[in-house]
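Below is one structure, written out as structure tokens; comments come after it.
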Amino acid sequence: MALEKTPGSLAALADQCVQCGLCLPACPTYALDASETESPRGRIALAKALAEGRAAATPALRAPLDHCLGCLACERVCPAQVRYGELLVRTRALLGPAPGRPRRLLGLLKRPALLRPLRRACGRLARAAPARRLARRLPEAWRAALALLPAGAATAAAEPCQPSPRPAVALFPGCVASVEDAEAQRALLALLRAAGIEAAVLPAFCCGALDAHGGEAAAAAAAARRVRQAWEASGAGQLLTATPGCLGTLRQALPGVAVGDAWELLDAHAGRLRFRPLPVRAALHLPCTQANVARSGEAMRRLLARVPGLELLPLDLPHCCGAAGSHLLEFPARAARLREPALRRLAALAPARLLSSNIGCRLHLAAGLAAEGRALPTQHPLTLLAQQLLPETDGAAP
């Protein structure tokens with residue numbers, strides 16, 4: 001479905017808001033800035049003024065709209081059921097891309113075929129002193145991107161399966177996730193096989209989320225068409241993703257299709273999965289997209305609880321950690337301030353590892369820990385489960 005830029009429809013979405021203010025405590029940017037324009041209802045008022053031609057897209061007006069993380073915590077608590085996520089995407093389409101948006105960098109991130117060799121080169125550069133000095137001269141967004149990437153080569157992507165004529169599910173690898181979260185994607189395929197579920201793997205490309213949230217409406221529409229073509233070619237009955245960051249955009253592209261982040265499906269077949277003991281304390285971070293879009297946190301906790309000896313320490317945070325798609329690259333200083341509560345909480349918990357299902361959140365939190373001199377292994381929960389998976393299952397719950 002192409003992104004609409006009709007002012008009338010945008011104004012109608014804005015009119016759903018009753019300005020009650022119940023969203024304010026849930027909004028991370030309102031907590032950060034204590035400014036009405038940095039709140040959901042403030043942004044809705046700005047969007048309506050733009051749609052009705054009562055305001056112009058000046059830098060001062062668009063800044064709060066660009067700052068929004070799109071975490072959708074406001075949408076989850078809204079008593080009027082305002083479709084804030086849709087309103088945000090349409091408003092940014094009306095505005096167009098921000099002048100300072102790092103379009104070349106994001107263009108690289110959206111292309112796994114380019115990102116994978118670039119990732120390996122960045123790992124080598126990170127270890128060379130002259131390259132580190134050169135990196136300090138790069139634009140802010142590029143420096144932020146380099147700071148996120150740990151040294152070392154990127155892992156190989158999940159290989160396309162040889163599925164049955166009609167596989168039960170298809171895995172959408174995404175763009176950055178297909179490179180940085182390839183291990184988690186292979187883990188998901190292993191868990192699906194153990195549960196007796198046939199799976200196919202779609203080609204790796206961007207779902208359009210980076211474009212949609214950046215005001216690149218035409219590119220987002222083209223990505224949605226590509227998603228539909230890949231889905232139709234798969235012959236599967238359900239679409240899965242190992243990272244919840246793509247979920248909302250995939251659902252927009254495939255209305256009426258069962259699109260999920262795998263946890264509910266694996267939880268429904270948990271009786272076929274058995275795990276080795278793992279006596280370790282692990283902090284569990286629940287990304288905003290998993291909490292507010294997938295809403296699969298309980299299924300994930302139930303599955304992790306099946307690993308004997310694993311002690312889960314909830315990383316309960318008041319708001320988004322600040323990663324939020326491309327936000328950590330476009331506004332690194334704001335993203336770092338939003339990350340501070342998570343770093344303080346991790347220091348108090350003192351876990352042996354950090355689990356999070358969103359690659360952006362994991363990289364963002366790991367970079368913050370590294371800057372403080374506190375190394376902590378980070379891992380996708382699916383990777384942990386696959387590593388502890390017993391090779392044989394008997395169909396009975398342990």
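The first residue of the sequence shown is numbered 1, and numbering continues consecutively from there.
Partners of R295 according to the side-chain hydrogen bond (donor to acceptor under 3.5 Å, both in side chains) rule, which considers only residues two or more places apart in sequence or in another chain, do not exist here. Taking P351 as the reference, A283, L313, L346, L349, L376 meet the side chain to side chain contact (heavy atoms under 4.5 Å, CB included) condition, with sequence neighbours excluded. Considering only residues two or more places apart in sequence or on other chains, T243 meets the side-chain hydrogen bond (donor to acceptor under 3.5 Å, both in side chains) condition with none of them. Every side-chain hydrogen bond (donor to acceptor under 3.5 Å, both in side chains) that S326 has, sequence neighbours left out, goes to E330. A search for salt bridge (charged side-chain N to carboxylate O under 4.0 Å, His left out) contacts involving E264 returns nothing, not counting sequence neighbours.
Every pair passing side chain to side chain donor-acceptor pair (under 3.5 Å) that includes a residue from residues 58-73 is listed here, sequence neighbours excluded: E38-H67, R62-D66.
Distance CD1/I359 to NE2/H364: 13.0 Å, rounded to 0.5 Å. Between H319 atom NE2 and C71 atom SG the span is 8.0 Å, to the nearest 0.5 Å. Atom CG of residue L343 and atom CG of residue L365 lie 6.5 Å apart, to the nearest 0.5 angstrom. Rounding to the nearest 0.5 Å places CG of N292 at 5.5 Å from CZ of R76. Note that CZ of R101 is 5.5 Å distant from CD of E216, once rounded to the nearest 0.5 Å. A distance of 11.5 Å separates CG in L303 from CD in E298, rounded to the nearest 0.5 Å.
Of the charged side-chain nitrogens involved, none lies within less than 4.0 Å of a carboxylate oxygen, so that E340 and R337 do not count as a salt-bridged pair.
In this structure, L247 and Q290 have side chains that are not in contact, with every pair of non-hydrogen atoms separated by 4.5 Å or more. Side-chain atoms of L363 and L328, non-hydrogen and from C-beta on, never get closer than 4.5 Å to each other. Residues L355 and L312 are in side-chain contact: their nearest non-hydrogen atoms beyond the backbone lie under 4.5 Å apart. With a 4.5 Å cut-off on side-chain heavy atoms, C246 and F172 count as touching.
Within a 6.0 Å radius of CD in Q81, no more than 12 heavy atoms belonging to other residues, nucleotides or ligands are found.
For T29 and R43, the side-chain atoms include at least one donor-acceptor pair closer than 3.5 Å.
Panel note: side chain R353, backbone Q379; no donor-acceptor pair is recorded below 3.5 Å. In this structure, R92 contributes its side chain and H213 its backbone to a donor-acceptor pair below 3.5 Å.
In the hydrophobic clustering of this structure, M300 groups with L192; members are Ile, Leu, Val, Met, Phe, Trp, Tyr whose side-chain heavy atoms approach within less than 4.5 Å, directly or through other members. Side-chain heavy atoms closer than 4.5 Å link hydrophobic residues (I, L, V, M, F, W, Y) into clusters, and following such links, even through other members, never connects L315 to L69. Following chains of ILVMFWY side-chain contacts shorter than 4.5 Å, one cannot reach L369 starting from L284, and the two form parts of different hydrophobic clusters.
Between W263 and H380, the ring planes are parallel. Angles under 30° get that label, and only those over 60° would be called perpendicular.
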